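This structure is a prediction, so every number in the text was calculated from the model and none was measured.
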Amino acid sequence: MLRWAHENDLFTISLCHGPGSFLATTLEGREFIYRGYEMAVFPDSVDKMTPKIGYLPGPMPWRLVEKLEGLGAKIVNTKADDTCCVDRHLITGASPLAANELGKLAAATLLEQLE
């Protein structure tokens, strides 16, 4: 579905750890469709602390940011804050703290496309 949306110039909107789904575009040895894209993602540095702060019951060992950067994505944030980013047809937010701003940004961006 991500490939179909990308190929048809449709917007993809993602929050927090959602960009983990983008890794699926590399299945069967296919090229990462978001290479060179800027995006906001929940940071690995905060994932290392999540069991201590009660966000998750255990560690997140898979290092999402590291994997995305290894595939050529450009991560625009270092904190789990309200950072949002638009790059082409990709709209992302860094953490749950970005949810409200992401919604506003997505609505404004989509409405802009209708004009």
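Ser14 and Phe22 make their closest contact through CB-CZ, 3.8 Å (heavy atoms, listed as atom of the first residue, atom of the second, distance). Nearest approach of Ala80 to Leu97, heavy atoms of both residues: O-CD1, 3.2 Å.
In terms of hydrophobic clustering, with Ile, Leu, Val, Met, Phe, Trp and Tyr side chains grouped at heavy-atom distances under 4.5 Å, Val41 and Leu15 are assigned to different clusters. When hydrophobic clusters are built by joining Ile, Leu, Val, Met, Phe, Trp and Tyr residues whose side-chain heavy atoms come closer than 4.5 Å, directly or via intermediates, Ile91 is not grouped with Leu10. Hydrophobic clustering (ILVMFWY, side-chain heavy atoms < 4.5 Å, transitive): Val76 and Val65 are in distinct clusters.
Here the straight-line distance linking atom CZ of Arg63 with atom NZ of Lys67 works out to 9.0 Å at 0.5 Å rounding. Between Thr25 atom OG1 and Leu2 atom CG the span is 7.0 Å, to the nearest 0.5 Å. Distance check: Leu71 CG to Glu66 CD gives 11.0 Å after rounding to the nearest 0.5 Å. We find the NE2-OG distance between His17 and Ser95 to be 10.0 Å, quoted to the nearest 0.5 Å. The distance from the CG atom of Leu105 to the CG atom of Asp82 is 11.5 Å, given to the nearest 0.5 Å.
Judged as a salt bridge (charged side-chain N to carboxylate O under 4.0 Å, His left out), and not counting sequence neighbours, the contacts of Lys104 are Glu101. Asp81 meets the side-chain hydrogen bond (donor to acceptor under 3.5 Å, both in side chains) test with Thr83; sequence neighbours excluded.
At least one donor-acceptor pair under 3.5 Å links the side chain of Asn77 to the backbone N or O of Lys79.
At least one side-chain heavy atom of Tyr37 sits less than 4.5 Å from a side-chain heavy atom of Arg88. Residues Thr26 and Ile33 have side chains not in contact (no heavy-atom distance under 4.5 Å, counting atoms from C-beta outward). Side chains of Pro19 and Phe42 form no contact here, defined as non-hydrogen atoms less than 4.5 Å apart. A 4.5 Å side-chain heavy-atom check between Asp87 and Met39 finds every atom pair outside the cut-off. Side-chain atoms of Thr109 and Phe11, non-hydrogen and from C-beta on, do get closer than 4.5 Å to each other.
Screening residues 27-36 for side chain to side chain donor-acceptor pair (under 3.5 Å), with sequence neighbours left out, gives no hits.
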Let me see the working for Thr12 and His6 under side-chain contact (heavy atoms from CB on, under 4.5 Å), right down to the final yes or no.
CA-CA 8 Å; Thr12 299; His6 185 74; over 6 Å; no
For the pair Glu69 and Ile75, evaluate side-chain contact (heavy atoms from CB on, under 4.5 Å) and give the outcome as yes or no after the intermediate values.
CA-CA 7 Å; Glu69 287 177 331; Ile75 309 306; 3.7 Å; yes
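Considering Cys16, Cys84, Cys85 in turn, Cys85 is the only one that fulfils the side-chain contact (heavy atoms from CB on, under 4.5 Å) rule with Thr92.
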